[in-house]
2 protein chains.
Amino acid sequence: MRGNRNLAQKIKLSTIAEALGLSTATVSLALRDSPLVADVTRDRIKEKAIELGYIYNRRAASLRTSRSGIIGVVVHDIMNPFYAEILKAIETELDRSRQTFILSNHYDSVDKQRNFIETLLQLGGDGVIMSPAIGTPASDIRLAEDNGMPAILIARSVPEIDVPTFRGDDAYGTALATNHLISLGHTRIAMIGGTDHTSTGRDRYAGYANALKKAGIEVDPALRIPGPRTKQSGFEAAVNFLANPLKPTAAVCWNDLVAIGLMNGIARAGLVPGKDISVTGYDDLEEAAIATPALTTVWNGQSEVGRFAARALLDKLNGSSEADGLHLIKPEMRIRQSTSPLNPGAGR
Amino acid sequence: MRGNRNLAQKIKLSTIAEALGLSTATVSLALRDSPLVADVTRDRIKEKAIELGYIYNRRAASLRTSRSGIIGVVVHDIMNPFYAEILKAIETELDRSRQTFILSNHYDSVDKQRNFIETLLQLGGDGVIMSPAIGTPASDIRLAEDNGMPAILIARSVPEIDVPTFRGDDAYGTALATNHLISLGHTRIAMIGGTDHTSTGRDRYAGYANALKKAGIEVDPALRIPGPRTKQSGFEAAVNFLANPLKPTAAVCWNDLVAIGLMNGIARAGLVPGKDISVTGYDDLEEAAIATPALTTVWNGQSEVGRFAARALLDKLNGSSEADGLHLIKPEMRIRQSTSPLNPGAGR
DNA sequence: CTGAAAGCGCTTACAG
DNA sequence: CTGAAAGCGCTTACAG
C-alpha cells in the first residue's frame with residue numbers, strides 16, 4: 001500500500017487524523033512517541049502512518065520549531081584524503097544523533113564559502129563545521145554565529161575568532177620530522193610544499209626552520225620549494241628538487257600526498273626514495289603505510305579533529321559551551337622506510 | 001549594521017515591509033526580481049534587506065512552493081577517488097543551476113541508503129542521484145519516484161528499474177585490458193578484485209573471461225582473487241597472487257586502487273611491476289598517470305557519468321524526461337608503463 | 001489522555 | 001504597480 005503513484009493527494013498529519021477520527025495534535029505527539037498519548041492510540045496511529053506511506057515534512061516542522069537537524073560541513077576539498085578522514089569521523093559522530101549533514105567544498109574561494117554559509121542559514125542549519133578558506137574574514141564566521149548558527153573551526157584558525165577550533169600543533173609536528181632527519185645525519189634538508197597564506201603553512205615552515213637553527217644548521221631559502229599540496233604537484237616538484245645545486249639529501253614534505261608524489265618523481269628519475277633520498281610526510285594518511293617505500297610521517301590526528309569538532313558542536317547545540325578557543329592536537333612521529341641514515345659515501 | 005547579536009527579533013519579510021510601509025507580497029516579489037514591481041521600489045527594498053541583514057527563509061518558501069532546491073547524492077564512499085571524480089562533475093553541473101546538494105555515503109548498507117532517501121523526502125528534496133548499494137530493492141527507488149522525487153542511477157543498475165542510468169560498459173572495458181595483455185604475449189592472466197554481488201562485478205569478470213576464451217586461453221578459476229576493491233586490499237592480495245602455483249605473469253585488476261596497491265605489494269616483494277609482472281587498472285583515476293610505474297588502465301568516464309547524470313536530473317526537473325533507461329559510456333584503453341611484453345626468458 | 005486554534009515565514013491567486 | 005488574505009504542514013501552549 002506504500003507510495004501513491006499519482007500524487008493526487010499528499011498524505012499529511014491531517015490525513016491520518018481524519019482517517020482515525022483524531023486530531024492532528026494527537027497524531028503529531030504520537031509519531032514522536034510522546035508519553036502524553038495512550039499506547040493503544042499511538043500504535044493505531046503508527047500503523048496507519050505506515051499503511052498510508054506518510055512522509056514527515058521536516059520543513060513544516062522546522063518552520064515551527066526553528067530547529068532543522070541540519071549541520072553543514074565545508075572544507076577545502078572533500079576529495080583530499082586528509083579532509084576525507086576528518087569527514088569520516090564527523091559523519092560517524094553526527095550519525096549517532098541523527099543529524100543530516102550537508103557537505104561542500106570551497107576550494108579556498110571565500111565567496112563560495114560565504115555562499116554556503118548563507119544557504120545553510122536559509123535552510124535553518126543548526127550549526128556549521130568549517131575548515132576556513134584562505135583569507136576568510138572574521139565577519140563571515142560572525143554572520144553564522146550572529147544568526148544563531150554556531151560555528152566550529154577545524155584544521156585552520158581565523159584571526160580574531162574565538163570559536164572552538166581543533167587542529168594539530170603544526171610547528172611541533174614539522175620540528176619532529178626535521179629532528180628525525182637531523183638525527184639520521186642529514187644537514188641539507190629541503191622543505192617541499194605549503195603556502196605562507198595559511199596559519200598552517202607558516203607554522204609548518206617555522207617548525208622546520210627552528211629545528212634546523214636549534215641544531216646549528218643554516219636555514220637556506222634556496223632549499224624551500226613552496227606551493228605543492230597535492231600528489232601531482234609533489235611529483236612535478238621532484239625535478240626541481242633533484243636539480244637543486246645544494247644537493248639536498250632529504251625532504252620534509254608539506255603532507256603525505258606531496259611526499260608520495262615526490263617519491264614517485266624521485267623513483268621515476270632512477271633514484272631510490274628512502275635510500276638515496278630520505279623523505280618525510282605529514283598527516284599519516286591510511287595510504288602512507290602502504291606506499292613504496294612505506295612513508296615516514298607525522299600523525300596529525302584527523303579522526304580526533306573530526307570527532308572533537310562534531311562533539312563540540314553537539315555540545316553547543318545542547319547548551320553546554322565550554323570548549324571555546326584553540327585546541328591543539330599533539331602530533332606524533334611514525335617512522336617507516338622512507339628515511340634512512342645519511343650515507344656519506346653514496347653522494348649524488 | 002548586519003547581524004543581530006541578540007536574536008531578539010528575527011528579520012523577516014514583514015520586518016522589511018513594515019519598515020518601508022509596503023506589503024509582504026511586494027517585498028517578496030521584489031527580492032525575486034519580479035517585473036511586477038517598480039524599479040525604484042525594488043531598489044529600496046533590496047537596500048533595506050541588506051541593511052537589516054535579512055536572511056531568506058527557504059523552509060517557509062519551500063513549504064509554500066513545494067520545491068526546495070535540494071538535490072541528494074548518495075554513493076558507496078565519497079572518499080573513494082572513483083566516486084570523488086564523479087561527484088566533482090556533478091557539483092560543477094549543479095552549481096550552475098544554484099542547487100544545494102546533500103551528500104551521503106551508504107557503504108553498501110541498504111538501510112543507510114533508505115534512511116537517506118527518507119531524510120531527503122522529508123526535506124522536500126527535488127531529486128536524487130545515486131550509485132545504488134549492493135542489493136538495493138526496486139521498491140527503494142520507487143519510494144523516491146512515487147513521492148515525486150525523481151532518481152538517477154550512476155555506476156550501477158538496479159533490476160526492474162528503468163530510470164536514467166549512466167555507467168561504463170564494464171564487460172567491454174575489461175575485455176580491452178585483457179586483450180591488451182594477450183597481445184603482449186601473456187597467457188597466465190589473473191583477475192584481482194571485485195565481487196559477483198554487483199552488476200559491475202559480474203560484467204567485469206565476464207569481459208575478462210570472454211576475452212580469454214576468444215583467444216583460446218582456458219579460464220582457470222584458480223587465477224581469480226575476488227574481493228579487493230581498495231588500495232589496502234590490493235596491497236594485501238599481492239602475497240596470494242605471487243604465491244599462486246600457476247605463476248601468473250599479469251593481472252587484470254578490478255580498479256586502479258587495487259592495481260596500485262598490488263604494484264606496491266609486488267615491489268615490496270622485490271619484483272618490478274611493469275617488468276616482471278604486468279598490471280592493468282580500471283577507471284583511469286588522476287593518480288594512475290603518476291603511479292610508479294605509470295599505470296596502464298581503462299578510462300571509465302567518471303566526469304562524463306557525473307555530468308550526464310546531473311544534466312538528466314535537471315532536465316527531468318524542468319519537465320523534459322527523455323533520458324530514461326541505460327546509457328553506457330564506452331571505455332578506452334590508456335597504455336602506460338605497468339604492462340610490457342612477456343619475456344619468456346625471465347621466468348619466476 | 002485528546003482537541004481547537006494560533007502561528008512559524010513565506011508565495012500566490014485575486015482585487016483594485 | 002501594490003495590498004489583503006489564504007494556505008503550505010507542522011507543533012505548541014492552552015483547555016477540558
Side-chain angles (χ1 to χ4, degrees), chain A residues 4 7 9-46 48-49 52-70 119 121-126 147-148, chain B residues 4 7 9-46 48-49 52-70 119 121-126 147-148:
Chain A
N4 48 329
L7 296 162
Q9 86 289 27
K10 245 204 162 132
I11 311 298
K12 44 195 176 183
L13 279 191
S14 64
T15 319
I16 301 175
E18 280 166 27
L20 296 174
L22 292 166
S23 74
T24 60
T26 305
V27 175
S28 170
L29 292 169
L31 291 179
R32 284 173 296 136
D33 287 317
S34 162
L36 289 175
V37 179
D39 287 4
V40 228
T41 317
R42 177 164 32 70
D43 293 349
R44 279 176 63 216
I45 292 174
K46 288 201 166 182
K48 194 50 124 184
L52 294 175
Y54 170 67
I55 287 171
Y56 178 68
N57 188 328
R58 281 215 217 184
R59 295 167 290 180
S62 148
L63 184 57
R64 184 59 225 259
T65 62
S66 71
R67 185 117 180 212
S68 65
I70 292 178
T119 299
L121 284 169
Q122 292 176 359
L123 292 171
D126 292 337
N147 284 288
Chain B
N4 46 331
L7 296 161
Q9 88 288 28
K10 244 201 162 131
I11 312 298
K12 44 196 176 182
L13 279 192
S14 63
T15 319
I16 301 175
E18 281 166 26
L20 296 174
L22 291 167
S23 74
T24 59
T26 305
V27 176
S28 170
L29 291 168
L31 291 179
R32 283 173 297 137
D33 288 317
S34 162
L36 289 174
V37 179
D39 287 3
V40 228
T41 318
R42 177 167 30 71
D43 292 347
R44 280 175 62 218
I45 290 175
K46 287 201 168 183
K48 194 49 125 184
L52 294 175
Y54 171 66
I55 287 171
Y56 177 68
N57 188 327
R58 280 216 217 184
R59 293 168 291 180
S62 148
L63 184 57
R64 183 61 225 257
T65 61
S66 70
R67 186 119 178 211
S68 64
I70 292 177
T119 299
L121 285 169
Q122 293 176 359
L123 291 170
D126 292 339
N147 284 287

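Quick caveat: nothing in here was measured; it's all calculated off a predicted structure. A note on names: the letters A, B, ... follow the listed sequences, proteins ahead of strands, and every chain is numbered from 1.
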Query raised in the report: Would you say the side chain of B:Tyr54 lies within less than 4.5 Å of the side chain of B:Leu31, judging by non-hydrogen atoms?
Result: yes

Report task. Give one of base, sugar-phosphate or nothing for B:Gly21, where a contact means two heavy atoms less than 4.0 Å apart. Result -> sugar-phosphate

**Report entry** Carboxylate-amine/guanidinium contact B:Lys46 B:Asp33, below 4.0 Å
**Finding:** yes

Query raised in the report: Any side-chain heavy atom of B:Leu20 within less than 4.5 Å of one from B:Arg44?
Result: yes

Query raised in the report: Is there side-chain contact between A:Asn147 and B:Ile55, with heavy atoms separated by less than 4.5 Å?
Result: yes

Query raised in the report: Can you find a heavy atom in the side chain of A:Arg58 that is under 4.5 Å from one in the side chain of B:Thr119?
Result: yes

Query raised in the report: Would a 4.5 Å heavy-atom cut-off, applied to side chains only, mark B:Thr26 and B:Ile45 as touching?
Result: yes

Report summary line: So the contacted stretch of DNA chain D, first to last nucleotide with an atom under 4.0 Å from a non-hydrogen atom of chain B, runs from D:dC1 to D:dG9

Query raised in the report: Which part of the nucleic acid, if any, lies within contact of B:Ser62, taking any heavy atom under 4.0 Å across all strands shown: a base, the sugar-phosphate backbone alone, or nothing?
Result: nothing

Report task. Report the residue (B:Leu36 or B:Leu63) whose heavy-atom-nearest nucleotide on DNA chain D is the more 5′ of the two. Result -> B:Leu36

Query raised in the report: At under 4.0 Å between heavy atoms, what does B:Ala61 touch on the DNA or RNA strands: base, sugar-phosphate, or nothing?
Result: sugar-phosphate

Report task. Please figure out whether B:Ala60 or A:Ser23 has its closest DNA chain C nucleotide nearer the 5' end. Result -> A:Ser23

Requested in this report: Under 4.0 Å between any heavy atoms, over every strand shown, what does B:Ala38 touch: base, sugar-phosphate, or nothing? Just pick one.
Outcome: sugar-phosphate

Report summary line: Note on DNA chain C: ranges paired as stems (three or more Watson-Crick/G-U pairs in a row, both atom distances under 3.5 Å) are C:1-3 with D:14-16, C:5-12 with D:5-12, C:14-16 with D:1-3

Query raised in the report: Do A:Leu63 and B:Asn57 touch side chain to side chain, with heavy atoms closer than 4.5 Å?
Result: yes

Query raised in the report: Which is true for A:Thr41 with a 4.0 Å heavy-atom rule: it touches a base, it touches only sugar-phosphate, or it touches nothing?
Result: sugar-phosphate

Query - Any residue meeting side-chain hydrogen bond (donor to acceptor under 3.5 Å, both in side chains) with B:Ser28, in chain and number order, not counting sequence neighbours - result: B:Arg32

